[in-house]
Amino acid sequence: RCRSCATTNNQRLRHQHHAHSTMAAHTKRIRRQAKKKFADDWGAGKVTDVVGSYPLRVQLYDLPPTDSLSLEEFEEFAVDRLKLLKSIEHAKVRFGANKAEYEAAVRKAAMKLVPLAPSGDMVQLYRERRKDHVSHFILRLAYCRTEELRRWFLTQECELFRYRFEGEKAAEFLTHYKLKYTPISEQKREDLHDKLKKAGFRLTDADVSGTEYYEVPFEEALDLVRRRGIYVNKGNAYVPKKELVSILCGVFRARLSAALTAASKALPNLEEDERLLPMLKNLSRHDVGPNYSGNKATSSVTVADIPALANESFPLCMRVLYGSLKENQHMKHGGRMQFGLFLKGIGLSLENSLMFWRQEFKKIAGDSFDKKYAYTIRHNYGKEGKRTDYTPYGCMKIITGAAPAGGDHHGCPFRHFDEASLRSTMFKLKIPAAGIGEVMDLVKGNHFQIACTRYFELTHDINRADFSVNHPNQYFSESRKLRTGEHEVDDKVRTSSAPVATAMDTAEPAENNAEDEMDDAAFLSAELEMAA
């Protein structure tokens with residue numbers, strides 16, 4: 001019975017479901033009303049400076065937003081921008097040498113997630129620019145906590161700025177942000193015509209005459225000077241308009257870097273805000289993908305199916321866990337949580353899960369197994385404790401979680417294995433030497449999920465997957481589609497799709513325990529402490 005309202009568990013669950021449904025409907029109604037009020041105010045002339053708030057499509061994000069924002073919008077804006085930045089990261093790694101494919105992938109993700117139209121309906125322009133502005137500052141707070149997070153965010157935002165500025169009017173941008181990069185006159189361009197032509201790469205007279213050049217202090221154009229692609233004279237660099245974006249990216253990077261450092265110092269002021277801080281912390285740790293809860297599995301799996309499925313469709317992290325389980329006939333808590341929830345996500349029922357672990361724990365007698373481990377398995381399926389439907393671990397949780405210690409086998413092989421161990425593991429799985437080299441190059445660049453995607457391609461004999469791996473159960477699902485012929489994949493290079501939905505605050509079991517073991521007694525004790 002529930003302590004607060006003295007109802008049975010079933011009544012309490014129905015009450016919670018009704019309350020959740022009512023709150024969701026209420027939230028949607030408020031958002032519809034807010035959008036209608038804004039449109040009415042605009043039509044009545046009460047809102048007169050909509051685009052005046054965001055005069056340019058591309059921003060340097062100098063001023064933080066000051067308007068009100070619902071928690072639902074806060075999460076929606078942040079997640080959409082995070083998906084966009086991750087899509088840019090994946091596209092840069094996979095299509096970096098092919099500008100056309102890279103821009104096509106980024107364009108597709110940007111139009112879907114954080115669109116910025118150059119013109120159109122004023123109300124729509126305002127909404128798009130507001131979302132872009134607000135979402136940037138939310139992720140700035142989420143990614144300012146560590147040097148590694150700041151570096152990642154800075155890199156992806158600079159790539160996004162570079163992509164967007166390609167179609168922007170440079171003169172308006174420079175004037176608005178008071179950047180003293182002045183276009184040279186036609187007379188001066190004619191005077192410098194020969195020198196500008198020689199400084200460029202295979203330029204014709206028509207190219208020079210038809211190009212707008214900007215006079216920039218040469219120390220702000222060092223990247224272009226290093227490439228010897230511009231003319232420098234008396235401390236000034238003469239930069240063609242198409243190369244101006246390189247200089248502006250440097251300005252953007254410098255300002256954003258300073259702002260991230262300032263935000264990291266101000267972050268402790270949010271410690272007391274119980275609404276925002278958990279969301280901000282989760283943004284940098286959680287996956288931008290579906291949660292793959294067990295009740296959403298599209299097919300059922302039996303104990304007898306697991307060996308064949310492991311060979312055909314398990315991601316490397318799960319193959320390592322399954323191999324260690326078969327070898328040692330036992331598995332520590334961290335591995336049991338990671339592997340057990342994965343099996344739940346692919347469709348292994350509670351009854352089959354109990355049977356599977358009993359069979360694999362050959363050293364544990366039946367009564368001892370029931371006493372030490374059965375409760376935890378039932379708990380993961382929502383049959384004990386808080387009766388929460390726990391979801392399988394995603395890639396980000398596995399990568400950023402506790403590293404495996406002695407005797408542990410959980411974690412991500414691409415993240416936690418040393419080079420020799422990872423090479424040896426892939427060699428045993430008969431990955432070609434060239435493919436192993438490609439994977440190792442990605443691992444050295446800290447692109448662990450893209451390395452897993454490349455591993456998928458190598459083990460499924462395809463040239464380019466049309467997705468990026470964000471979750472072990474996603475890997476399994478895509479593998480089954482290929483193995484069973486549910487969809488065909490040709491060998492042509494295809495654009496990588498953007499990550500899909502998210503569940504930022506998905507309830508999860510306790511974090512991997514630092515103890516060698518956590519039996520049912522310790523697990524139940526932890527649950528009681530949380531309930532208290």
Side-chain angles (χ1 to χ4, degrees), residues 9 13 291-297 299-307 309-310 314-315 317-394 397-398 401-402 404 407-411 471-473 476 506-531:
N9 281 334
L13 290 172
N291 58 27
Y292 292 95
S293 59
N295 56 11
K296 295 179 182 177
S299 61
S300 60
V301 172
T302 66
V303 176
D305 297 330
I306 292 178
L309 291 176
F314 277 18
C317 56
M318 300 306 165
R319 291 195 71 166
V320 168
L321 282 168
Y322 184 59
S324 71
L325 178 62
K326 299 296 288 185
E327 180 180 352
N328 301 317
Q329 300 177 7
H330 190 263
M331 185 176 287
K332 292 188 176 181
H333 176 73
R336 295 202 307 274
M337 295 298 290
Q338 181 176 327
F339 190 51
L341 289 172
F342 167 79
L343 293 177
K344 174 189 174 185
I346 68 174
L348 192 69
S349 67
L350 172 58
E351 294 74 17
N352 276 300
S353 183
L354 289 167
M355 184 189 306
F356 170 77
W357 290 103
R358 277 197 185 95
Q359 289 181 4
E360 297 300 334
F361 278 32
K362 294 181 172 62
K363 300 178 181 179
I364 309 297
D367 292 342
S368 180
F369 177 88
D370 290 339
K371 182 179 179 181
K372 281 190 171 185
Y373 305 107
Y375 176 89
T376 306
I377 297 170
R378 291 195 302 272
H379 184 277
N380 287 345
Y381 280 78
K383 303 302 181 183
E384 301 287 356
K386 296 182 294 182
R387 299 185 181 276
T388 302
D389 180 25
Y390 291 116
T391 57
Y393 290 179
K397 180 174 178 61
I398 295 171
D408 287 324
H409 298 278
H410 65 269
H471 200 291
N473 291 79
F476 177 85
T506 302
E508 294 174 338
E511 295 287 340
N512 294 343
N513 201 312
E515 300 290 336
D516 284 351
E517 289 300 327
M518 178 183 275
D519 58 19
D520 279 352
F523 194 88
L524 182 58
S525 175
E527 281 293 310
L528 292 175
E529 289 179 8
M530 292 173 64

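Only a predicted model underlies this, so the values are computations on that prediction, with no experimental measurement involved.
Atom CZ of residue Arg336 and atom CG of residue Asn380 lie 9.5 Å apart, to the nearest 0.5 angstrom. Expressed to the nearest 0.5 Å, how far NZ of Lys332 lies from CD of Gln338 amounts to 15.0 Å. Between the NZ atom in Lys362 and the CG atom in Leu325 there is a gap of 8.0 Å [rounded to 0.5 Å]. For the atom pair CG (Leu341) and CD1 (Ile346), the distance works out to 12.0 Å, reported to the nearest 0.5 Å. If you take OG1 on Thr391 and NE2 on His471, they are separated by 6.5 Å, rounding to the nearest 0.5 Å. Distance CZ/Arg387 to NZ/Lys383: 8.0 Å, rounded to 0.5 Å.
Side-chain contact between Asn352 and Ser300 is absent, with no heavy atoms from C-beta onward closer than 4.5 Å. Counting heavy atoms from C-beta on, the side chains of Thr376 and Met337 come closer than 4.5 Å. Using a 4.5 Å cut-off on side-chain heavy atoms (C-beta onward), Tyr381 and Leu348 make contact. Using a 4.5 Å cut-off on side-chain heavy atoms (C-beta onward), Pro472 and Pro392 make no contact.
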| message | Working note: Phe369 + Ile377, criterion side chain to side chain contact (heavy atoms under 4.5 Å, CB included); need CA distance, chi angles, decisive distance, verdict. | response | CA-CA 11 Å; Phe369 177 88; Ile377 297 170; 3.8 Å; yes
| Which is it for Phe356 and Val301 under the side chain to side chain contact (heavy atoms under 4.5 Å, CB included) test, yes or no, and what are the steps along the way? | CA-CA 11 Å; Phe356 170 77; Val301 172; over 6 Å; no
| query | So Ile364 and Gln329, side chain to side chain contact (heavy atoms under 4.5 Å, CB included) or not? Walk me through it. | reply | CA-CA 9 Å; Ile364 309 297; Gln329 300 177 7; over 6 Å; no
| message | Let's go through Asp370 and Arg358 carefully: what are the C-alpha distance in whole Å and the side-chain angles of both, what is the deciding distance for side chain to side chain contact (heavy atoms under 4.5 Å, CB included) to 0.1 Å, and is it a yes or a no? | response | CA-CA 9 Å; Asp370 290 339; Arg358 277 197 185 95; 2.6 Å; yes
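Judged by distance alone, with hydrogens and angles left aside, the side-chain atoms of Lys344 form a donor-acceptor pair with the main-chain N or O of Tyr390 at under 3.5 Å. At distances below 3.5 Å, at least one donor-acceptor pair connects side-chain atoms of Asn473 with backbone N or O atoms of Phe342. Between the side chain of His410 and the backbone N or O of Ala402, at least one donor-acceptor pair lies under 3.5 Å.
With sequence neighbours left out, the side-chain hydrogen bond (donor to acceptor under 3.5 Å, both in side chains) criterion links Ser324 to no other residue. By the side-chain hydrogen bond (donor to acceptor under 3.5 Å, both in side chains) test, Thr302 pairs with Asp305, sequence neighbours left out. Residues forming a side-chain contact (heavy atoms from CB on, under 4.5 Å) with Arg319 (at least two apart in sequence, or on another chain): Asn311, Phe314, Leu429, Tyr455. The side-chain contact (heavy atoms from CB on, under 4.5 Å) search around Glu351 returns Ser349, not counting sequence neighbours. Partners of Lys326 by salt bridge (Lys or Arg N to Asp or Glu O under 4.0 Å), not counting sequence neighbours, listed by chain and number: Glu360. In terms of the ring-ring contact (aromatic ring centres under 6.0 Å, His included) criterion, residue partners of Phe361 (sequence neighbours excluded) are, by chain and number, His330, Trp357, Tyr373.
Across every non-hydrogen atom of Pro307 and Tyr322, the tightest pair is CG-OH, 3.5 Å. Shown here for His409 and Leu321, the closest heavy-atom pair between the two residues is O-CD2, 3.2 Å.
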